[in-house]
Amino acid sequence: MDKLTVKIMSHSCKMADITDEGVSLVEDIYKRRQPLPTMDAIYFIQPSRENIIMFLTDMAGKAPLYRKAFVFFSSPISRELVVEIKKDPRVLPRLGALREMNLEYFAIDSQGFITNNERALEELFGDEENSRKSVACLNVMATRIATVFASLREFPSVRFRAAKSLDATTVTTLRDLIPTKLAAGVWDCLMKYKKTIPNFPQTETCELLIIDRSIDQIAPVIHEWTYDAMCHDLLNMEGNKYVHEVPGKSGGLPEKKEVLLEDHDPIWLELRHAHIADASERLHEKMTGFISKNKAAQIQHGSRSSGDMSTRDLQKMVQALPQYSEQMDKLSLHVELAGNINRIIRESGLRDLGQLEQDLVFGDATMKDVIKFLSTKEDTTRENKLRLLMILAAVYPEKFDGEKGLNLMKIARLTDEDMNVVNNLRMLGGQPDTKKRSTGAFGLKFEIHKKKRAARKERPGEEEKWQLSQFYPIIEELIEKLTRNQLSKEDYPCLNDPSATFRGSPFAGTVHQNPHSMRSRRTPTWARPRGSDDGYSSDSVLRHASSDSRKTGSQIFVFIIGGATRSELRVCHKLTRRLHREIILGSTSLDDPAQFISKLKMLTTHELTLDDIQI
């Protein structure tokens with residue numbers, strides 16, 4: 001394999017899964033390898049010129065490295081490279097297979113994948129418009145998205161966010177056309193698949209909606225209060241890897257142990273989408289349940305009722321038992337994780353900040369509340385203050401014009417670099433509109449005469465049990481509208497719909513007109529019923545994984561250019577259960593808030609000039 005295909009495989013399976021299939025050795029194509037002339041080799045590689053040269057070096061000549069080569073490409077190979085392979089007469093008889101496998105995406109979840117375009121934000125939305133870079137980035141993205149449909153044998157109808165043209169005099173920028181261009185790229189790949197892949201569907205079997213990060217600039221930075229999101233936001237994790245201390249063998253010093261938080265862990269699967277308060281409660285119940293079933297534990301425990309003991313005490317006690325098992329190991333890990341999260345929430349006063357964030361988004365707080373918070377809570381971390389101001393900028397863009405923005409930064413004691421991050425949200429929101437100040441640089445429309453402004457609307461029928469769980473990402477509304485066939489055909493045209501005038505004028509479309517607010521509020525209240533289908537009752541994943549209920553409708557794929565959030569992935573699980581249709585989220589990357597902010601810093605910060613605009 002090459003570097004990319006190694007990553008693809010490691011996202012899809014474990015080493016043991018490969019060896020179980022009779023593979024005795026896995027090697028990097030670019031490392032020096034020992035000749036094994038009595039063995040066959042499987043190549044799973046990208047169809048690049050460098051890889052073909054390496055392969056031909058292996059298999060040409062008098063003494064090939066392997067007996068026979070079975071070659072599988074991760075995406076379609078060019079005709080020139082096939083000719084290159086075929087013109088070597090010594091290689092042909094040594095070929096056992098030469099096929100396009102079409103598997104060039106990373107599965108991050110049972111309902112999520114990424115194309116691994118980590119620099120998509122910078123390459124597509126940066127103000128140093130480099131068309132060569134952006135075309136290359138979109139081409140890789142389109143090829144990889146198309147391999148998802150090739151590997152699943154699905155043919156989607158393709159919808160995309162149309163360029164926002166406010167009126168005939170408004171010029172459309174290149175970055176406003178990114179979803180349009182990606183949709184066209186994916187479509188080109190799918191047309192080739194229709195001709196070349198056996199049994200590939202000839203008519204639509206599912207739906208694909210292509211959007212970009214500009215549709216929701218709040219979701220990547222607001223605090224999301226689910227167990228999964230809090231682990232990645234507050235703890236020093238490397239991807240899904242967490243390092244913790246476990247008791248040393250035979251009473252020695254504690255040892256460091258690496259664990260992966262992933263689908264193989266049933267407790268993680270059950271709790272990951274639960275609110276942190278709910279997850280903590282359930283872990284306490286599991287711990288007390290373990291003790292009540294275990295006689296040795298009860299003797300050690302004495303007469304105190306387990307309700308009087310903290311989860312941490314219970315954990316220590318169980319660790320001292322001789323029957324300390326793998327199951328207990330897992331439970332103990334999660335008790336530690338949840339304990340660390342709750343400690344950080346307490347010590348950094350996150351609850352107050354979280355409440356202010358939600359109030360801002362739902363129109364229950366104003367600029368004054370933010371200034372009061374910044375003036376009184378001076379020990380708030382720099383990153384949290386920056387995230388708060390980014391949310392403020394998404395709701396009240398005009399508050400950051402000129403001096404106003406600088407004054408806010410002074411009150412928050414933030415640096416020029418931080419100010420650039422807030423300004424760079426403009427890159428995502430589209431061009432500043434000088435005629436209509438109310439739209440600001442963020443492309444949101446508001447009724448300017450209203451003192452309080454909301455970026456979400458009330459959602460009837462959403463019962464809240466947990467405080468701070470009202471926020472929801474915009475894609476939740478988009479997916480619901482898509483399933484009800486209420487998604488605007490002008491704002492989200494369809495490429496393969498006979499009524500779409502794509503060939504004539506692909507860029508027609510108006511700005512998404514929302515009457516005053518971009519999101520709706522759900523009744524605020526801190527815990528919620530177990531059986532609710534809201535994605536917080538997270539045994540839902542286990543429940544729906546085996547059920548056929550989600551097969552009643554065709555699949556919906558949503559692809560976000562510029563990085564997706566954990567809240568958006570959670571919403572796809574939640575809506576799969578509610579709508580009885582499998583929702584699959586794709587993106588260029590999966591970003592936690594710190595990563596998103598780092599990527600925003602990479603966007604340069606000059607104001608838009610005429611050079612940016614394609615006329």
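This chain uses plain numbering: 1 for the first residue, then up along the sequence. Keep in mind it's a predicted model, so treat the numbers as computed, not measured.
At least one side-chain heavy atom of Met390 sits under 4.5 Å from a side-chain heavy atom of Val421. Glu258 has its side chain out of reach of Tyr242: every pair of non-hydrogen atoms, C-beta onward, lies at least 4.5 Å apart. When side chains are defined from C-beta on, Leu360 counts as touching Ile391, because their heavy atoms get closer than 4.5 Å. In this structure the side chain of Phe559 reaches within 4.5 angstrom of the side chain of Met141, judged on heavy atoms. Side chains of Glu123 and Ser134 form no contact here, defined as non-hydrogen atoms less than 4.5 Å apart. The closest side-chain heavy-atom distance from Glu224 to Asp233 is not below 4.5 Å.
Of all the heavy atoms in Ile584 and Gln555, the pair that sits closest is CD1-NE2, 3.6 Å. Residue Cys137 comes nearest to Asn117 through the heavy atom pair O-ND2, 3.8 Å, listed as atom of the first residue, atom of the second, then distance.
The closest side-chain donor-acceptor pair between Thr205 and Glu154 falls under 3.5 angstrom. Checked by atom type, the side-chain pair Ser589/Lys599 shows a donor-acceptor distance below 3.5 Å. Counted by atom type alone, Tyr193 and Asn102 present one or more donor-acceptor pairs between their side chains at under 3.5 Å. Side-chain N/O atoms of Thr565 and Asp591 include no donor and acceptor closer than 3.5 Å. In this structure, a donor-acceptor pair under 3.5 Å is absent between the side chains of Thr576 and Glu582. No side-chain N or O of Glu568 forms a donor-acceptor pair with one of Tyr472 less than 3.5 Å apart. For the residue pair Thr483 and Arg581, no side-chain donor N or O sits within less than 3.5 Å of a side-chain acceptor on the partner. A donor-acceptor pair shorter than 3.5 Å can be found between the side chains of Asp109 and His573. Counting only N and O atoms by type, the side chains of Asp228 and Thr226 include no donor and acceptor under 3.5 Å apart. Using a 3.5 Å distance cut-off with no hydrogens or angles, the side chains of Glu204 and Ser157 do not pair a donor with an acceptor.
Within 6.0 Å of the CZ atom in Arg484, the count of heavy atoms belonging to other residues, nucleotides or ligands exceeds 12. Heavy atoms of other residues, nucleotides or ligands lying less than 6.0 angstrom from CG of Asp20 number more than 12. In this structure, Lys7 places its NZ atom where only 12 or fewer heavy-atom neighbours from other residues, nucleotides or ligands lie under 6.0 Å away. Taking a 6.0 Å sphere around CD of Glu21, one finds it holds 12 or fewer heavy atoms contributed by other residues, nucleotides or ligands. Dense packing is recorded around CZ of Arg153, with more than 12 heavy atoms of other residues, nucleotides or ligands lying under 6.0 Å away. Surrounding CG of Leu235 are more than 12 heavy atoms belonging to other residues, nucleotides or ligands, all under 6.0 Å away.
Salt-bridge annotation for Arg272 and Asp263: present, with a side-chain N of the basic residue lying under 4.0 Å from a carboxylate O of the acidic one.
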Inset, instruction - Walk me through it: do Ile561 and Arg213 pass the test side-chain contact (heavy atoms from CB on, under 4.5 Å)? - result: CA-CA 6 Å; Ile561 306 164; Arg213 201 57 274 166; over 6 Å; no
Legend entry - Check against salt bridge (Lys or Arg N to Asp or Glu O under 4.0 Å), Glu480 and Arg578: CA-CA 10 Å; Glu480 284 173 343; Arg578 183 186 294 173; 3.1 Å; yes
Legend entry - Check against side-chain contact (heavy atoms from CB on, under 4.5 Å), Leu138 and Leu124: CA-CA 8 Å; Leu138 285 169; Leu124 299 173; 3.8 Å; yes
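Of the residues Phe113, Tyr105, Phe106, the one that meets the ring pair (Phe, Tyr, Trp, His ring centres under 6.0 Å) test with His11 is Phe106.
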